[in-house]
Amino acid sequence: MSRFNPDSVPSQFESKEAEEKWSRVWEGAATYGFSEQSTAPTYVIDTPPPTVSGSLHVGHVFSYTQTDVIARYQRMRGRNVFYPMGWDDNGLPTERRVQNYFHVRCEPGAPPFDVSTLQAADDDARKLAPRKLQRGAFIDLCVRLTAEDEKAFKALWQRLGLSVDWSQEYSTISEHSRRMAQLSFLDLFEKKHVYTVEAPTMWDVDFKTAVAQAEVEDREVKGAFHRIRFAVEGGGDFTIATTRPELLPACVAVATHPDDQRYQSLIGKNAVTPLFRAPVPIFGSSLVDPSKGTGILMVCTFGDATDVHWWREEKLPLRQTIGRDGRMAGVEFGVAAFPSRDPAAANATYTTIVGKSMSESRRIIVEALRDPHGSADRNGAPPLIAEPEPLEHAVKFFEKGDRPLEFVSSRQWFVRLLDQRDKLIEMGDQIEWHPDFMRLRFRNWTENLQIDWCVSRQRYFGVPIPVWYRLGPNGETDFSSPLVPEPARLPIDPTSEVPAGFAEAERDRPNGFTADPDVFDTWFTSSLSPQIATGWTQNPDRHRKLFPMDLRPQSHEIIRTWAFYTIAKAWLHEGSIPWKRVAISGWVLDPDRKKMSKSKGNVVTPMHLLDQYGSDAVRYWSLAARLGVDTAFDEKVLKVGRRLVVKVYNATRYVLGQEASAGPVTHPLDLGFLHQLQGAIAAATAHLETMDFAQALDVIERFFWDSFTDSYLELAKGRARSESDPAGRSSAVAALRQGLSVLLRLLAPYLPYVTEEAWSWDFAGEARTSIHLTPWPEASELAPLGTSSEHAEVYELAKGALGAINRAKTQAGGTVGRHVASLTIAAPPKVLALFARAESDIRAATRILNLERLPTADGPQFDLGTLVKTIELAPAPERA
RNA sequence: GGGCGCUUAACUCAGCGGUAGAGUGCCACCUUCACACGGUGGAAGUCGCAGGUUCGAAUCCUGCAGCGCCCACCA
C-alpha cells in the first residue's frame, strides 16, 4: 500500500510550477497524441486556426478552453481524440504586417532578391522607397514573420493546458495547405463548380481587390440627397434625388415606378443628363420606391447593387468611370460608349474630375451643378434645384476596409453556390448546432445568398490560383479554356512556373500563355480545414477514418464565412457534411458589455491572469459560461476558480494523508455518500454529452463543495481516525478515497493541472498513469459496494442534521469548535432511526457530549429546521 | 426594415410549469488538529412591463420596452 505523506508536498498549490512541470511531462509522454493505429472510436475536432497576426486576448482563452474541455472529456471516455492546431497566417492582416515590418511591397514582376538575410527595416531603410519583391520572396517573409506569432500562441495554448496533439500542427499558407487549396480548385474546376467571368464586382479601392458577399458589412454613414433636374428629350424635365452626384457621368438610364402617376408619361422617352448631356432611356421598374427621394432616379454603372441588377435586366451600356483605385478614370465624351449632345461641354466638365477621388469629384460636380449653364436646357436655373439634404444611410464596406465599396467591372473566379442553396440548407439541418438557435444564422444567410462566391483576390500573400490562359496571335487572352496543372505538380505558382507544353519564353507572348495573377480568398483555404488536417486525397485511409469530423468549434460572427464555406466545400467535394456538431462560443465582453477588440483598446491580455490566478482558475472562468452566450469579463469568477483549485489541493492532501488503510465500505453513511455521488456522475455525464460543460461543472462543483468537503468530509473525519472502530475507520477511509478519485476525474477536464498533481500522489500508481488518460468515472464503478437509496437517506439526514445543529450552535452564540454540553432533538421515530445510524459521526462532527431524543408524531414531511429542541453549550475553552 | 438572443439579489450568472438559487460583495462570530485563497451563520429580489393559458407561470403564449447580435438593393 502506498502511503502519501502530506508534508512531502507544499502546503500551498504552486500553479506556475505545476504548469511548467506537467506541460513538460505531457509533451514528453505524448499524453494527448492521436494514435494512428488504435482501433478505438475517434473523436475529431476541427480546431479553428487563429489569425496569428492578430492580438492575443482573453477571448481566445475563453473559446479554446471550451473546446479543450470537450476534447479531454472524450479522451477520458476512451475516444482516440484527434485534436490538431492550425495557424491562419494566410491573408491581408499578415500582408500588412510584413509590408510595415520589412518595408517591402509585393510586385509580381520585380527582379529576384534573396530575402533570407533581410531584417526588420530600420529608420534609414524607411527613408527609401519600399523594396519590391516577387511573390515567392514576399511569401517567404510572411512565413518567417508568422512563425514568430505562432510561437506566442503556442506558448499560451500550452500554458493553458490545451490538450492539443502538437504533432498535428498546420498552417494555412504551408505547402501542404496550398496543395490542398489548389487541389480543391482543380476538383471544383473538373466538376464545373467554378467559372471565370468579367462582371461588376464589389471592389475595395484601397486594397484594390474584389471581395465576396460574406466579407461585406453595412455601415451607417452621413450623406446627402442632391436634387438634380434632368431634361427630357422633346421637352419637359424632372428631378431625381441622389446621394452620389459624382456618378452623373456614369448615368446610363433613369428609372421610376411604372404605376407612379407623376412620371408615367416619361417612360419610353429619353432623358438628357445635366453637365454631360448624355441621352439616357427612362424605364419603369417595380424596384423603385415612389416614396423615396423624388420617386425617380438615375441608374449608373455602378452606384449600387440595384444598378447592377438594372444594368443586366435592361441591357444597359457600361460607362465605368470609377477606376480600380477609386479615382475617376480618363474617359472621353462624344464617342459611342459615352454619347453626349454637347461633347465639348461634357469633356470640359469631366476633365475637372479625372484622377480625383470620389469625395473630391462629388464636391466638384456639385459646384458645377450650381451653375445655371450646367442645365440641360441651357437657359434655365441651375440643375441642382435645392441645397443638399443631409441624411444617414447604410453603405457597403469591406469588413476590413475604410472606404465604401464600389462596383467595378473586373474578371474574377467564382464558385457556383446559388444553384446549391437548397442542398446547403439541407446539410446545415443535418448538423447539430450548439446552441440550436445558431442554426438560424446559417439558414438565414444561405437563403439570402445573392451572388456566387467570388474567390479570386488581387493580392499576394495567399494561395495562387493555379491557372494559365492561352494567348492568341495578337496577344489577346483566351479565358474560355483555362490551362490547369496536373495534380502531382501542386502546389504551383503559375507566375513562375509554366503550363505543360509551354516554355518560359512563351510567357506573355502572342500565341504563348499568361498566368492568372490572382490568389484565393483566404476562406477558400480555411474552408478546407478538415481536409487539410486529415490529408484528404494525400492520405485517403486516414481521411476516411477522420471525416466527417465530430466537432467544429467557432464563434458566431463567422458562421456566414467559415462555417458556411466549410459546409459548401464538404458538399461540393464529398457530398457530405464536414462535421456532426458545431459549437458556437460566445464573445468576451468588457465590463461595459462591449465586445473586446484591438481597435476599441479594451482588450484584456491573458498572460498576467495566468500568472496571478493560475491556468486552472482561468479555465474555470472560461468553462463556467455556456456556449453561445456572450460573457462580461469578470475577475471575480477567476477568484472563485482559484478557490476551487486550492480546495481540491487541500482536500486531497487531507484524504490521502489518512493513516488507516482502506477496507470494505460498510457504513451506511459512507454508502449513502457514494450513492449520491453516483447521481452526480450521471448528471455531469449527461450534460457533457450535450456539450453543456457549464452545467456539468455546476453539478460537479456543487457536489464537491456541498456534499463532499462541507458535509461528508466533516462527518467522516472523526471515524477516519478513530482508534475504537477499525471497521468503521477503514470504511470511511475507503469511501473518502473512492469519492476523491471520482471527483478528481470529474474535475480533470476543467482543472487539468491541480487534478494531475493531486492524482499523481497516489492514484496514478506504479505506472504513473496520467489522470487525463484514466477512464471517466461511471456510476457502475461504485455499484459493487452495495449503495442504495436507503443509505442515501441516512446520508442526507446526517448532512441536514449537521447543518441544523451548526445553526443552533451559532444562534446559541457558539462556534463550530465549541462543544455542546447537551442537545435535545425532536423528530418522528423514522427520522430518529436514520439519525441513529449516523449518530456517532454527527456527534463527532458537532461535538455533542450528551444527546437526548424526543420522538414526535409522524407527519407527512419533517422539517429539519425543527430538529433541535434545546441546546446547551459547554463552557468556552480557556485561552492560553 | 427582417430575424435571433438577453433582461432573475448591489455585481457576475444558474434555474425554464409546482413554495425564488449559487458565487462574489455586505453584516456577525470563529486561529476548529486539509484549507483564513478557510469555517459557521445572517441580511438582501413585486424573476423588464402589460395581457393571456393553467388548479398553479421567473418558467408556456401574445404584445410592448430597453440592450446586444446577425442580416437587408447604398436612389
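Quick note on labels: first sequence line is chain A, next is B, and so on, each numbered from 1.
For the pair Lys647(A) and Phe708(A), the cation-pi test (distance below 6.0 Å, angle within 45°) is failed.
Contact annotation: Lys647(A) does not reach the phosphate of G38(B) (side-chain N/O to OP1 or OP2, under 4.0 Å). For C69(B), the OP1/OP2 oxygens have no side-chain nitrogen or oxygen of Arg441(A) closer than 4.0 Å. Residue Lys292(A) places none of its side-chain N or O atoms closer than 4.0 Å to OP1 or OP2 of C73(B). OP1 and OP2 of A36(B) both lie 4.0 Å or more from every side-chain N or O belonging to Arg643(A). Within the 4.0 Å cut-off from OP1 or OP2 of A72(B), at least one side-chain nitrogen or oxygen of Gln213(A) is found. Checking the phosphate oxygens (OP1, OP2) of C30(B), no side-chain nitrogen or oxygen of Lys809(A) falls inside 4.0 Å.
Nucleotide U32(B) forms a pair with no other nucleotide shown, judged by Watson-Crick or G-U wobble geometry with both contacts under 3.5 Å. For A50(B), the paired nucleotide is U62(B), the pair qualifying as Watson-Crick or G-U wobble because both relevant distances are below 3.5 Å. Nucleotide A22(B) has U12(B) as its partner under the Watson-Crick or G-U criteria, with both atom distances under 3.5 Å. A 3.5 Å limit on both hydrogen-bonding distances identifies no Watson-Crick or G-U partner for A72(B). Base pairing analysis places G5(B) opposite C67(B); the two distances defining the Watson-Crick or G-U wobble pair are each below 3.5 Å. Across every strand in view, G41(B) sits in a pair with C27(B) that passes the Watson-Crick or G-U test at under 3.5 angstrom.
Among the protein residues, Tyr649(A) comes within range of no part of the nucleic acid, since none of its heavy atoms lies under 4.0 Å from any strand. Heavy atoms of Ser11(A) sit nowhere under 4.0 angstrom from any nucleic acid atom. Residue contacts for Phe407(A): at a heavy-atom cut-off of 4.0 Å it reaches a base atom on one of the strands shown. Residue Trp705(A) is classed as a sugar-phosphate contact, given heavy-atom separations below 4.0 Å to backbone atoms only. At a threshold of 4.0 angstrom between heavy atoms, the contacts of Val640(A) are confined to the sugar-phosphate backbone, with no base atom among them.
Checked by distance alone, Gln12(A) brings a side-chain donor or acceptor within 3.5 Å of a matching partner on the base of C37(B). Between the side chain of Lys639(A) and the base of C37(B) there is no donor-acceptor pair of N/O atoms closer than 3.5 Å.
The aromatic ring centres of Trp761(A) and Tyr649(A) sit less than 6.0 Å apart.
Taking 4.0 Å as the cut-off between side-chain N and carboxylate O, Asp706(A) and Lys799(A) count as a salt-bridged pair. Salt bridge status for Arg643(A) with Glu701(A): absent, with no side-chain N to carboxylate O gap under 4.0 Å. Salt bridge present: Arg443(A) and Asp429(A) bring a charged side-chain N and a carboxylate O closer than 4.0 Å.
Considering only side-chain atoms of Arg642(A), the nucleotide from C73(B), C37(B), U40(B) that sits closest is C37(B). The listed nucleotides are A14(B), C4(B), G41(B); the one nearest the side chain of Thr810(A) is G41(B). Distances were taken from every side-chain heavy atom of Arg721(A) (C-beta onward) to each of C74(B), C73(B), C33(B); the shortest belongs to C33(B). In the set A34(B), C73(B), C13(B), the nucleotide with an atom closest to the side chain of Arg626(A) is C13(B). With G15(B), C71(B), C74(B) as the choices, the nucleotide that has an atom nearest any side-chain atom of His393(A) turns out to be C74(B). Closest to the side chain of Gln695(A), out of A14(B), U32(B), U12(B), is A14(B). When each of G2(B), C73(B), G41(B) is scored by its nearest atom to the side-chain atoms of Asn444(A), the top-ranked nucleotide is G2(B). The nucleotide whose nearest atom lies closest to any side-chain atom of Asp304(A) is, among C73(B), C35(B), U12(B), C73(B). Taking the side chain of Arg560(A) as heavy atoms from C-beta on, and the options G23(B), G39(B), A72(B), the nearest nucleotide is A72(B). Among the nucleotides U40(B), U12(B), A34(B), the one closest to the side chain of Ala632(A) is U12(B).
Following rounding to the nearest Å, Arg818(A) (CZ) and C33(B) (P) show an atom-to-atom distance of 17 Å. In this structure, Glu217(A) atom CD and C69(B) atom C1' are separated by 13 Å, rounded to whole Å. For Glu635(A) and C37(B), the CD to C1' distance is 14 Å, given to the nearest whole Å. Between the NZ atom of Lys636(A) and the C1' atom of A22(B) there is a distance of 13 Å, rounded to whole Å. Protein atom CG of Asp630(A) is 10 Å distant from nucleotide atom P of C13(B), rounded to whole Å. Between the CG atom of Asn806(A) and the P atom of C29(B) there is a distance of 18 Å, given to the nearest Å. Look at OH on Tyr654(A): it is 18 Å from P on G38(B), rounded to the nearest Å. In this structure, Lys222(A) atom NZ and C74(B) atom P are separated by 18 Å, rounded to whole Å.
Between His556(A) and Trp587(A), the angle of the ring planes lies from 30° to 60°, which puts this pair in the tilted group. Classification of the Tyr712(A)-Phe673(A) ring pair by plane angle, with boundaries at 30° and 60°, yields parallel.
Comparing the C1' positions of C13(B) and U62(B) gives a spacing of 28 Å, expressed to the nearest Å. For G51(B) and G15(B), the P atoms lie 28 Å apart once the distance is rounded to whole Å.
Between Thr242(A) and Leu440(A), the one whose closest nucleotide on RNA chain B sits nearer the 5' end is Leu440(A).
Note that CZ of Arg560(A) and CD of Gln213(A) are 8.0 Å apart. Values are rounded to the nearest 0.5 Å.
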